[in-house]
> 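Can you read through this structure? Questions will come right after.
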Amino acid sequence: LHPPPSTIRAPSGDDIVHSEAMAHAAKILERMANQNTFADVTEDFKFWEDQSDLYRDEGTLLPLWRFQFEKTKKKHVTAVKWNPEFADLFAVGYGSFDFMKQGSGMLCLFSLKNPSWPEFHCSLHCGVMCLDWHPQYSSVLCVGLYDGTVCVYDVRSKTQAPIYQSTVKTGKHTDPVWEVCWQEEDLAKNLNFFSISSDGRVTLWTLAKSELEYSDLMQLKLVTRGAGGRGGSGAADDDDDSALLGLAGGSCFDFSKLSEHLFLVGTEEGYIHKCSKAYNSEYLATYSGHYMAVYTVRWNPFHSKVFASCSADWTAKLWDHTTSSPLLSFDLNVQVGDLAWSPWSSTTFAACTADGKVHVFDLNENKNEPYCEQKAVRKAKLTKVAFNAKSSTPIIAVGDDHGCVTTMKPSPNLRWTAVTKAEAERKAKEEAEAAASGGPRRGAPKKVVEEGGAAKRDPRDLEIDKVEKLLEQAHKNQIE
């Protein structure tokens, strides 16, 4: 006879089924089941290489996992950010870019180890517009919302409530927050981040003991179309004008990792302004190449002079911040939603467009057109693109307006670095010489040693050299 259920139940107060240990075990089992379900995708992610790249001058993107959540089906992906510590983890913000159809928002964390369900999710009262992971504290996330609120989450917390949140009393923005970005800790070791909004403010938020404290770093003055490119003189003539016309709507920004005080601001009017944290009364320079809202502006991670931008005017542009006109411009025939630099190559970037395509450029290989142009989704617009900088296997994530994030693996031709390219060219040259002479040359080993000595330069310096050559050529073409 089986004992009655009451005799085998755990001691009172210890509910094993709902315990933390059981939840942990269930999570591991779920990941194992998913690994079996998506075994072919996992193998492609780890091992597959497109061999046809050896015979052509272009690349491809291999679709891997698709991340969807039942509660976000009708929302737009408004932000995608990979975690700075865990290579498999990324955060996704959901909201709406259609301002006539605003609803609630959602924040989800997904892992490549479990594509079927988010590791963390929470609903918000309005759409999420942007988010950013703290570079040192990898569980801390700042989020900007459609109603102008900024909030900070610790995703380890058992509650889904933010640990900090701005209010009307503490200076919250009056328009949507388009981008947020963590900064280095201040002298008092307080965490702080910047935000930019359509209300024309670039604001510094400091995490004090009890609440978020704010100070406006800059108020974006309107400039006239004829004044672009004349540095600070492009700002509105006087305070009366700015009081009359209001402020420029900020739509994106980026802080230089290589020149700490410099940052760029993109506006809804189509201007890009170069600004300094130390000098906030005027713009250092104004760049006027775009004619509609600038959606993204990004400094090159290797070279301190170069940045790229994309806009609703169908173009992506490459700039040198010391000159007022763009070095290169690429017309993609449809609205360009987002742009991101590759973490492995100084001349590679990806842009995503409203026709569902991802365009990957390698300017070292081709300065005129994308090295890869591929449709990632069938009936959706792509809104965001992000490279994974931590993963040993390169991977790109793209978000669309149907609440789906698609991950893709670039083929070998899209992953060239200065080192791997030089190595491939050396091998090809050796093989060609061996084939021409009917066998390997006697002097070949000596040559390899010499080249090996020359190749001991820092790979980062080699990447900077690639950009220097590109700048030299682009400036020469501009003069001609």
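Worth knowing before you read on, the calculation uses all heavy atoms, side chains too, and leaves out hydrogens, waters and symmetry mates.
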> To the nearest 0.5 Å, tell me how far Ser411 OG sits from Trp48 CH2.
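It is 6.5 Å, given to the nearest 0.5 Å.
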> Is Lys75 paired with Asp401 through a side-chain N to carboxylate O contact shorter than 4.0 Å?
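No salt bridge links Asp401 with Lys75.
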> How are the rings of Tyr137 and His134 set to each other: parallel, tilted or perpendicular (split at 30° and 60°)?
tilted
> Looking at every non-hydrogen atom in both residues, tell me the closest pair between Gly148 and Ser166 and how far apart they are.
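So the minimum-distance heavy-atom pair works out to O-OG, 4.3 Å.
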> Okay, side chain of Asp338, backbone of Ala351: is any donor-acceptor separation there less than 3.5 Å?
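Such a contact is absent between Asp338 side chain and Ala351 backbone.
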> Out of curiosity, Tyr146 OH to Gln102 CD, how far, rounded to the nearest 0.5 Å?
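Going from the OH atom of Tyr146 to the CD atom of Gln102 covers 4.5 Å.
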> Can you list the steps and then say if Asn114 with Glu119 is a side chain to side chain contact (heavy atoms under 4.5 Å, CB included)?
CA-CA 8 Å; Asn114 183 6; Glu119 302 291 305; 3.8 Å; yes
> Side chain to side chain donor-acceptor pair (under 3.5 Å) between Thr315 and Asp331: does it pass, once the steps are laid out?
CA-CA 5 Å; Thr315 63; Asp331 189 342; over 6 Å; no
> ring-ring contact (aromatic ring centres under 6.0 Å, His included) with Phe330: which of Trp314, Phe361, Tyr371?
Phe361
> Are a donor atom and an acceptor atom from the side chains of Asp175 and Ser197 found within less than 3.5 Å of each other?
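The answer is no; no qualifying pair exists.
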> Determine yes or no for a side-chain-to-main-chain donor-acceptor pair under 3.5 angstrom, with Lys409 supplying the side chain and Phe45 the backbone.
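Side chain of Lys409 to backbone of Phe45, a donor-acceptor pair under 3.5 Å: yes, one is there.
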> How close do Ser123 and Met106 get, heavy atom to heavy atom, and via which atoms?
OG-CE, 3.6 Å
> What orientation do Phe90 and Phe67 show, parallel under 30°, tilted 30 to 60°, or perpendicular over 60°?
perpendicular
> Check the angle between the aromatic planes of Phe194 and Phe253 and answer parallel, tilted or perpendicular using the 30° and 60° thresholds.
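Judged by the thresholds at 30° and 60°, the geometry between Phe194 and Phe253 is perpendicular.
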> Below 30° counts as parallel, above 60° as perpendicular, anything between as tilted: where do the rings of Trp344 and Phe387 land?
perpendicular
> Anything under 30° is parallel, anything over 60° is perpendicular, the rest tilted; go ahead and classify Trp117 against Phe69.
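Rings of Trp117 and Phe69: perpendicular, over 60°.
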> Would you call Glu179-Arg298 a salt bridge at under 4.0 Å N-O?
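Salt bridge: yes.
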> Quick check: are there more than 12 heavy atoms from other residues, nucleotides or ligands sitting under 6.0 Å from NZ of Lys81?
yes
> Classify the ring geometry between Phe307 and Trp299 as parallel (under 30°), tilted (30 to 60°) or perpendicular (over 60°).
perpendicular
> So how far is it from Leu339 CG to Leu318 CG, rounded to the nearest 0.5 Å?
9.5 Å
> Decide side chain to side chain donor-acceptor pair (under 3.5 Å) for Thr167 and Lys172; before the verdict, give the C-alpha distance in whole Å, the side-chain angles of both, and the deciding distance to 0.1 Å.
CA-CA 5 Å; Thr167 62; Lys172 87 169 195 152; over 6 Å; no
> Quick one: pull up CZ in Arg460 and NE2 in His303 and give me the separation to the nearest 0.5 Å.
11.0 Å
